[in-house]
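Written below as structure tokens is the structure these notes are about.
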Amino acid sequence: MGTVEPMSVAIGICAAVERARWSHWDDQVALTPWSYVEAVQIAGGLPLVLPPDDEAAEKPDPLLDRIDALVLAGGADIDPASYGATPHAMTGETRPERDRFELALAHRAIERGIPVLGICRGGQLLNVACGGTLHQHLPEIVGDERHLATPGTFSEHEVELEPGSLAARAAGATRITVKSHHHQGVDEIGEGLAATAHALPDGLPEALESADHDFVLAVLWHPEVDQRSKIIAALVRAARPRVASNR
């Protein structure tokens with residue numbers, strides 16, 4: 001486990017809003033899987049859970065002032081209205097309040113040069129924040145469910161990363177095996193982003209990044225559950241130069 005110091009890198013992790021049961025309680029919760037928290041701690045960062053907040057969606061700067069990097073985490077499908085589409089029959093329940101909050105944070109974090117990492121749903125949301133669109137059900141595109149395993153588990157497939165890209169530098173390789181669980185994916189790529197990793201063998205975009213910023217990266221896989229992955233450690237390193245000035 002990483003050691004949290006007074007000047008630790010503060011990593012904001014956007015939380016899901018879900019119904020949950022524990023002990024004798026059954027209630028709405030702001031939920032962040034422990035794997036995100038643990039991955040940030042192992043990388044030497046201080047994880048801060050960020051639940052949806054309508055006031056922060058209107059004025060994100062006070063919240064962003066408190067963090068050194070932003071993680072857009074996985075979760076429910078994004079509301080298709082966010083990218084001008086109608087819902088597909090296979091699109092699941094959406095959380096528009098979470099979409100509003102995270103889109104606002106993503107927009108402003110990119111403008112301010114704050115490192116941003118989108119994971120799975122968060123990678124898709126980062127594409128939408130830049131004006132991109134999504135395929136709402138990948139099995140109709142690729143003809144199988146290789147990206148979506150049985151609920152509660154992850155599938156594994158290979159990804160080829162463009163040499164010299166941020167994705168490849170963060171991963172430390174140009175070909176990796178990733179843990180995946182998503183039925184939606186990137187369709188039109190958002191403005192200022194480029195696809196720098198693709199799934200094998202179907203060629204779907206698996207990572208997007210911005211050439212105009214030091215660290216704006218979207219990955220469609222789940223590095224937080226993979227002890228081999230170097231992605232979250234790369235985010236923490238990218239955020240370190242911000243720590244002293246932000247405090």
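Please read these numbers as outputs of a predicted model, since none were measured by experiment. Just the heavy atoms: all of them, side chains too, but no hydrogens, waters or symmetry mates, feed the values below.
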Next on the checklist: Within this structure, what is the CD1-CD distance for the pair I119 and E224, rounded to the nearest 0.5 Å?
Outcome noted: 5.0 Å
Checklist entry - Is it true that R121 and D77 make a salt bridge, defined as a side-chain N closer than 4.0 Å to a carboxylate O? => result no
Item to check | A167 to I231 - nearest heavy-atom pair and separation | outcome: O-CD1, 4.4 Å
Next on the checklist: Testing the basics here: between N127 and G190, what is the closest heavy-atom pair and its distance to 0.1 Å?
Outcome noted: OD1-N, 2.7 Å
Item to check | E111/R108 under salt bridge (charged side-chain N to carboxylate O under 4.0 Å, His left out): CA gap, chis, key distance, verdict | outcome: CA-CA 5 Å; E111 289 176 351; R108 187 62 181 137; 3.1 Å; yes
Item to check | Residue pair I114 / A69: nearest heavy atoms and the distance that separates them | outcome: CG2-CA, 3.8 Å
Checklist entry - How about Q28: does its CD atom have over 12 heavy atoms from other parts shown lying under 6.0 Å from it? => result yes
Checklist entry - Going through the distances and angles, do L220 and S180 end up as a side chain to side chain contact (heavy atoms under 4.5 Å, CB included)? => result CA-CA 7 Å; L220 273 290; S180 175; over 6 Å; no
Checklist entry - So how far is it from L200 CG to E206 CD, rounded to the nearest 0.5 Å? => result 9.0 Å
Checklist entry - Is V17 isolated, or which residues cluster with it under the ILVMFWY side-chain rule of less than 4.5 Å, directly or via members? => result none
Item to check | Derivation and outcome, side chain to side chain donor-acceptor pair (under 3.5 Å), residues H157 and D202 | outcome: CA-CA 10 Å; H157 63 81; D202 55 47; over 6 Å; no
Checklist entry - Which pair of non-hydrogen atoms, one from R112 and one from D61, has the smallest distance, and what is that distance? => result NH1-OD1, 2.8 Å
Checklist entry - Do you see a donor-acceptor pair shorter than 3.5 Å between the side chains of T177 and E156? => result no
Item to check | R21 atom CZ, over 12 foreign heavy atoms within 6.0 Å | outcome: no
Next on the checklist: Can you give me the closest heavy-atom contact between E18 and A76, atom names plus distance?
Outcome noted: OE2-CB, 4.4 Å
Checklist entry - Of the non-hydrogen atoms in D99 and S82, which two are nearest, and what is the gap between them? => result OD2-OG, 4.0 Å
Checklist entry - Atom CG of L48 and atom OG of S8: how far apart are they, to the nearest 0.5 Å? => result 10.0 Å
Checklist entry - Hey, what do you get for CZ (R98) to CG (L50), rounding to the nearest 0.5 Å? => result 10.5 Å
Checklist outcome for this item: Contacts of K230 meeting side chain to side chain donor-acceptor pair (under 3.5 Å) (sequence neighbours excluded), chain-then-number -> none
Next on the checklist: Side-chain heavy atoms under 4.5 Å apart, restricted to Ile/Leu/Val/Met/Phe/Trp/Tyr: what other residues fall into the cluster of W22, or is it alone?
Outcome noted: W25, V29, L31
Checklist entry - About how many Å separate CG of L70 and CD1 of I13, when rounded to the nearest 0.5 Å? => result 10.0 Å
Checklist entry - Taking 4.0 angstrom as the limit, do E209 and R169 come out as a salt bridge? => result no
Next on the checklist: As a quick check of understanding, evaluate side chain to side chain contact (heavy atoms under 4.5 Å, CB included) for C130 and I110, giving each step before the final call.
Outcome noted: CA-CA 10 Å; C130 293; I110 291 171; 4.2 Å; yes
Checklist entry - When rounded to the nearest 0.5 angstrom, what distance separates NZ in K179 from SG in C120? => result 14.0 Å
